[in-house]
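Reading through the structure tokens given below for one structure.
Note that the structure is a prediction, hence the values are computed from the model and not measured. Naming: A, B, ... by sequence-line order, numbering from 1 per chain.
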Amino acid sequence: MMLHMTCAMQLAFPATNMFQKIVTSALIAGFGAGLLAAVLQFAFVQPVLLHAELFEGGDLVHFGSSVTLAQPDIAGDFDLVRNGLSIAFSALIYVGYALFLITTMIAAQERGHDLSVKAGLVWGVAGFGAVQMAPAFGLPPELPGMAAADVTDRQIWWFATVAATGIALWLIAFGKNWTMWGAAVILLAAPHIIGAPVPSTFTGPAPPELGAEFAARALGTGLVAWMTLGALTAYLWQSAPQEAS
Amino acid sequence: MNTIAQTRVQEKTSLMTLLAVAIMGVGLITVAGHVQATTLHDAAHDVRHATGFPCH
């Protein structure tokens, strides 16, 4: 699909070389960071998720007649299809992040801001802040079975929060006066003052211990993957042969 | 004069290219991370949860 899109874009846009270089850098960086995210997910996040699914499916019961063991034996077979799909989708999502990230990096670079690998790390932290931390502040990463508001409402809030935070971080980094920085503060705070859609009742079957661990681990692995993404994208874009302008 | 004209053309093309790439990125995130079609949702389920996207 990506290949077809690339070909179509090449016909539509005369700056073919530039387009190719941007997309190639983003593809490699996104794929690398996505693979790392998948490995971290399997090591740290997936066990908590599988544990919670036992509560979601009723195999384990929290608050019942018996004591809930914190460490049940849940080492199951490695589900090749399920985990294969996770790797593929992790790579796809991080390629998506990379495509967007690299356009903002280039836009800043064209305005005279230096883009080193170190700066790439900071870009990665900012990307994490906009895409994972800010939405998680209102909609914490969901353990399977958690009660939540309507999915469409949450998605609208999610996209709006990511956009507002992203613009705010850009204004903080590249703004030149207090009007811009003031606007940034308003944009940062607005989604959380308005508030994320919340469920009317709590019905989550899993223990809060698992929910807290899941949220912290989802955010922690996200930060590592995003910093890798930022550094890799900056490095690959810097290494791509630039056209003489 | 010639230089100025060329620079303008290049800037415009560059903006188009950047926009195209950004739209591809957002499209990919939307399809892989947010579209609720059953097949897509089931395939991406674990990653959506682990990434903190709103999921079902």
Contact part of [X] toward chain B, heavy-atom cut-off under 4.5 Å: side chain, backbone, both or neither?
X: A:Phe44; value: neither
X: A:Leu49; value: side chain
X: A:Pro144; value: both
X: A:Glu142; value: both

Side-chain (A:Gln132) to main-chain (B:Thr51) donor-acceptor, under 3.5 angstrom: yes
Under 3.5 Å donor-acceptor, A:Arg82 side chain and B:Ala43 backbone: no
Non-hydrogen atoms of [X] and [Y] that approach each other most closely:
X: B:Ala32; Y: A:Leu92; answer: CB-CB, 4.1 Å
X: B:His56; Y: A:Val151; answer: N-CG2, 4.0 Å
X: B:Ala22; Y: A:Phe100; answer: O-CD1, 3.7 Å
X: B:Ile29; Y: A:Ile93; answer: CG1-O, 4.1 Å
X: B:Asp46; Y: A:Ser86; answer: CB-OG, 3.5 Å
X: A:Leu139; Y: B:Pro54; answer: CD1-CG, 4.2 Å

Other residues, nucleotides, ligands: >12 heavy atoms within 6.0 Å of A:Phe174 CZ: yes
Greater than 12 external heavy atoms within 6.0 Å of A:Phe42's CZ: yes
Residues from residues 205-227 of chain A approaching chain B under 4.5 Å (heavy atoms): A:Phe214, A:Ala218
Part of residues 194-204 of chain A lying next to chain B, heavy-atom separation under 4.5 Å: none
Min side-chain heavy-atom separation B:Leu18-A:Ile22 under 4.5 Å: yes
Interface residue of largest heavy-atom contact number with chain A, from B:Gly33, B:Gly52, B:Cys55, B:Gly27, under 4.5 Å: B:Cys55
Option that, when pairs with chain B are counted at under 4.5 Å, heavy atom only, ranks first among A:Trp158, A:Tyr94, A:Trp157, A:Phe159: A:Trp158
Plane angle bin for A:Tyr97 and B:Phe53 - parallel if under 30°, tilted between 30 and 60°, otherwise perpendicular: perpendicular
Validation row, ring centre A:Phe89 to ring centre B:His45 under 6.0 Å: no
Pairwise distance [atom1]([X]) to [atom2]([Y]) - rounded to 0.5 angstrom:
X: B:Ser14; Y: A:Met18; atom1: OG; atom2: CE; result: 5.5 Å
X: A:Ile106; Y: B:Leu15; atom1: CD1; atom2: CG; result: 12.0 Å
X: B:Met24; Y: A:Phe19; atom1: CE; atom2: CZ; result: 4.5 Å

